[in-house]
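Only heavy atoms go into these numbers, but all of them, side chains included; no hydrogens, no water, no symmetry mates. A, B, ... follow the sequence lines: proteins, then strands. Residue 1 opens every chain.
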There are 2 protein chains.
Amino acid sequence: MSSMIYESDLSARGRIVAAALGLFAAGGFRATTVRAIAAEAGVSAGLVVHHFGSKEGLRRECDERVLRFIVEKGESDAPAEVLAGAANPFGPYLARMLYETGSSTDALFDALLATARDAVELGIKSGTMRKSDDVDAQAAALVTLGVAPFFLAHQLARWAGGDALGGISRIAEPIADIYARGLLLGQSRGGAGQ
Amino acid sequence: MSSMIYESDLSARGRIVAAALGLFAAGGFRATTVRAIAAEAGVSAGLVVHHFGSKEGLRRECDERVLRFIVEKGESDAPAEVLAGAANPFGPYLARMLYETGSSTDALFDALLATARDAVELGIKSGTMRKSDDVDAQAAALVTLGVAPFFLAHQLARWAGGDALGGISRIAEPIADIYARGLLLGQSRGGAGQ
DNA sequence: TAGGATACTGAACATGAGTTCAATGATCTA
DNA sequence: TAGATCATTGAACTCATGTTCAGTATCCTA
């Protein structure tokens, strides 16, 4: 639908990847048919499998493309920037793909985790982030909460009156507030579990 | 797989619902086949459609069952208890079903939202929760963050060394900490967006 | 007990979707 | 330019899966 992420036009192979990236993000891997991808890219279904071996192969290519984006960005930018930059264009894709398990997606999650861990360590060291007993767990929590809105994109869109981006941006403020100041008041430290 | 949620044994109809509840929670709606449900319940595939009309009908039944659980519990217990009680046995199911859009699932999300809103209002009134400009958005954020760990159950399980519950419980602590005290330090109020 | 409704099965049917394949067109190379 | 490699298509194949259906057993009711 309309403009696709990455590459402006390019070869048929490039168009297929772009179409897959968009359709996977919109509807998930399983729900997206090879024929739909082919149609979106303006090619035949046979060509898709010719280039990528199988639908799963195409998924691997897409995953690697997103992974490379994160890794390369991680070599130059600050971890927090990387996470924000990955969530921005690839948020829906990441949510869909991390949900529907697939071997190639594991690397994606690990990359996000590593980046988040860097961000947490840097944040603690520089004093902008609260110190934690379990840095790994904190990083995992960060990733989990970070992609959460994209999981519920459909429901949030309905809640916000049909606008997909509107729902996510509307809950962004209270979420940011929770990050900044917490949600619960009172001195009780225990009992908040579960 | 072993003991199922709700109803101990019961009729074939009850076993089908129990099996569906479990398999939908484990693998999602689309990925779960009618034959798998039938096998789990020890009946034929034909019986499933005989009782529920279609796979979609069975889903509706499951959704309504979970919805009823939440609503009924909401009439007696405190909202916060309801949310915790719903997340406990039905967390994986809710995550899967809210993700894969279906008309009957909309009611589920709305019920969660309403309950969360009650919880927020009560929390603010009783002084245990920070006041918010947009109570609805805060409720939506609460639901979103609440089910988030279940979306990533698979990845978190891998991260925690294969144990599904282990992963979720391990990030529960940093998440609870974020709720209690926030994550970010410093006086800057802006710039945390995105 | 007779009869109908309901529960239930196993096989068959229809369809959607991933994949294969032979054939054609395009492009590059010696 | 001739041959070869690659890109591309459209139809056909295969398989999984939701659904239908005719038939059988079980149970309730009058």
> How about B:D136 and A:R170: do any of their side-chain heavy atoms sit closer than 4.5 Å?
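Sidechains of A:R170 and B:D136: in contact.
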
> Would you indicate whether the side-chain heavy atoms of B:R158 and B:H154 approach each other to under 4.5 Å?
no

> Which of these nucleotides, D:dG18, C:dT19, D:dT20, is closest to any side-chain atom of A:A45?
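Closest nucleotide among those given: C:dT19.
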
> What is the separation between atom NZ on A:K55 and atom C1' on D:dC15, rounded to the nearest whole Å?
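These atoms are roughly 15 Å apart.
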
> Just how far, in rounded Å, is C1' of C:dA7 from CD1 of B:I16?
10 Å

> Over how many whole Å does the gap from B:L47 atom CG to D:dT20 atom C1' extend?
14 Å

> From CD of A:E56 over to P of C:dG18, roughly how many Å is that when rounded to an integer?
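Rounding to the nearest Å, CD of A:E56 and P of C:dG18 are 12 Å apart.
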
> What is the nucleic acid contact for B:R35, judged by heavy atoms within less than 4.0 Å: base, sugar-phosphate only, or nothing?
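It contacts base atoms.
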
> Is A:H51 close enough to D:dT8 that one of its side-chain N or O atoms is under 4.0 Å from OP1 or OP2 there?
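It does, given that an N or O in the side chain of A:H51 lies less than 4.0 Å from OP1 or OP2 of D:dT8.
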
> Check the distance between C:dA7's C1' and B:R15's CZ and give it to me in whole angstrom.
12 Å

> Would you work out how much the helix from C:dT1-D:dA30 to C:dA30-D:dT1 bends between its ends, with each end axis defined by five base pairs, to 10 degrees?
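End axes: 0° apart.
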
> What is the distance, rounded to the nearest whole Å, between atom CD1 of A:I37 and atom P of D:dT8?
16 Å

> Output the rounded distance in Å from NE2 (B:H50) to P (D:dG18).
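Going from NE2 in B:H50 over to P in D:dG18 covers 19 Å.
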
> What contact category does B:T33 fall into here, base, sugar-phosphate, or nothing, at under 4.0 angstrom with non-hydrogen atoms?
sugar-phosphate

> Backbone N or O of A:T101 within a donor-acceptor pair of the A:T105 side chain at under 3.5 Å?
no

> I need the CZ-P distance between B:R59 and D:dT19, as an integer number of Å.
13 Å

> Do A:R60 and A:F52 come within less than 4.5 Å of each other through their side chains, counting heavy atoms only?
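Counting from C-beta outward, A:R60 and A:F52 never come under 4.5 Å.
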
